[in-house]
Amino acid sequence: MRIDNVELRRLKMPLVTPFRTSFGLQTVRDVLLVVATTTDGVTGYGECVALADPVYSEEYVDGAERVIARYLAPAVLAAGAVTAADVAPLTSAFVGQRMAKAAVEMAVLDAQLRTVGMNLAEFLGGVRATVEVGVSVGITDTVAALVEAVRSYLDEGYRRIKLKIQPGFDLLPVTAVRDAFGPDILLQVDANTAYRAGDLDRLTRLDEYDLLLLEQPFDHDDLELHAELAQRMRTPICLDESLTSAKTTATAIRAGACEIANIKAGRVGGYLEARRMHDVAAALDVPVWCGGMLETGIGRAANLALAALPGFTLPGDISGSARYYREDITAPFVPVGGSMAVPTGPGIGVEVDEERVAALTTSRQVIR
Ligand code: NPQ
Ligand code: MG
């Protein structure tokens, strides 16, 4: 397969409700789509999960677009015949840029699989036709507002709730949600690196709430502190921002800092590395689940394929399209009874609504 051109499109997608985390407030998603067209006219789609600002990781969407336009796309285009497995070696001269590389690899992989008529879940080794999903609930102005938000998601059938926490918004909201909905709802929390060594004692008090896991309490490169907390808590410690590859995942697990792993293809450089990370975690007997980055239907479809792998034993942050967007750029994903069907079509398995994409486009460039 030869790539003839790579199109980079920016879309502005307003969120249905503001989403607050410990690293800030998001009201609109600045999406970067990578569209790879082969010399046979087959089109593959990739979605870059970088945020508008480098507040979740070092990457940000303007930077990712420039890196793809100037370095990554030219390297793939110059290579002639390629497969998705060639993208990482072809772009390894450029350090880091995992979210940018992941978007390019995803577009090439989608084009490759559409060319041969193979489905992504099948290609990755998926074993499930449906996957359990959860929802991530942002920090609210009041605890009462949080309880109402959680109630609406439970009414929609979500069985796993993730609460964003930060210093000053942790024990009280968790208490209120447990008091309001009882011991049976699957509940977990995510701190997005907001805590410090001085918070160790406070965090251990979360053991009272029978949480599924505590996600990324400390800085992304502080494995020691995560390992110390893991020693002192019953609640499993889950890492997100810290895990940038299968290798860093093995290191974190061996350090006792990672008892459950959040896998995001964009954070580790693509779905091929995400599968390797899944295999490492399985080999070390560590459960994994699929994290979310407020993807459109394009990234959501691919995440469902990934979550079909055997080691994904916990509900993922792969919520319905309506959790974030009034109207998606694919047919909407709708959870039923807390689960969603894994797309079965070729490639990522969904059709993209070109008209909707055109309506949301703020800029477009084609690299040849
Ligand atoms: C997490 N995701 O697990 C991230 C954080 C996050 C679903 O909580 C735009 C794009 C806004 C990606 C806000 C969830 C975002 C974003 C929060 C990711 O840590
Ligand atoms: Mg997280």
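Read the numbers this way: they start at 1 and go in the same order the structure lists the ligands and their atoms. Since the model is a prediction, treat every value here as computed from it, not as a measurement.
Tyr71 has its ring centre less than 6.0 Å from the ring centre of Phe94.
Taking 4.0 Å as the cut-off between side-chain N and carboxylate O, Asp240 and Arg267 count as a salt-bridged pair. Salt bridge absent: Asp210 and Arg234 never bring a charged side-chain N and a carboxylate O closer than 4.0 Å. Electrostatic pairing of Arg114 and Asp110 counts as a salt bridge here, judged by a charged N lying under 4.0 Å from a carboxylate O. A salt bridge does not link Glu105 to Arg98: none of the charged nitrogens lies less than 4.0 Å from a carboxylate oxygen. By the 4.0 Å N-to-carboxylate-O rule, Glu7 lies close enough to Arg9 to be salt-bridged with it.
The aromatic rings of His278 and Phe312 sit parallel, their planes meeting at an angle under 30°, below the 60° perpendicular limit.
Interface of Phe23 with ligand 1, defined as ligand atoms under 4.0 Å from a residue heavy atom, comprises 6 (C), 13 (C), 17 (C). Ligand 1 places these atoms under 4.0 Å from at least one heavy atom of Asp240: 1 (C), 3 (O), 19 (O). The ligand atoms of ligand 1 that sit less than 4.0 angstrom from a heavy atom of Asp190 are 1 (C), 3 (O), 19 (O). Close approach of ligand 1 to Glu215 (heavy-atom distance below 4.0 Å) involves ligand atoms 3 (O). Near Ser136, with a cut-off below 4.0 Å to any heavy atom, the atoms of ligand 1 are 7 (C), 8 (O), 14 (C). When each atom of ligand 1 is checked for a heavy atom of Gly292 under 4.0 Å away, the hits are 2 (N), 4 (C), 7 (C), 14 (C). With ligand atoms numbered from 1 in the order given, ligand 1 contributes 8 (O), 13 (C), 17 (C) to contacts under 4.0 Å with heavy atoms of Phe19. The distance from ligand 1 to the heavy atoms of Tyr324 drops below 4.0 Å at these ligand atoms: 7 (C).
For Asp328 (side chain) and Ala322 (main-chain N/O), no donor-acceptor pair under 3.5 Å exists by modelled atom type.
Scanning all protein heavy atoms for the shortest distance to atom 16 (C) of ligand 1 gives Leu294 CD1, 3.8 Å.
Taking only non-hydrogen atoms, the option from Lys164, Lys162, Gln216 nearest to atom 5 (C) of ligand 1 is Lys164. Nearest-residue assignment for atom 10 (C) of ligand 1 (options Arg323, Glu295, Arg267, Met293; heavy-atom criterion): Met293.
Backbone and side-chain nitrogen or oxygen atoms of Asn192 are examined, and one is located within less than 3.5 angstrom of a nitrogen or oxygen of ligand 1.
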side-chain hydrogen bond (donor to acceptor under 3.5 Å, both in side chains) for Asp86 and Thr83? Distances and angles first, verdict last.
CA-CA 5 Å; Asp86 298 319; Thr83 68; 3.2 Å; yes
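Rounded to 10°, the angle formed at the Mg ion (ligand 2) by OE2 of Glu215 and OD2 of Asp190 is 90°.
Cation-pi geometry between Arg323 and Phe19 is met: under 6.0 angstrom from the ring centre, within 45 degrees of the axis.
Only the side chain of Gln26 comes within 4.0 Å of ligand 1, judged by heavy-atom distances. Residue contacts with ligand 1, taken as heavy atom pairs separated by less than 4.0 Å, involve Lys264 solely via side-chain atoms from C-beta onward.
At least one N, O or S atom of Asp240 sits under 2.8 Å from the Mg ion (ligand 2).
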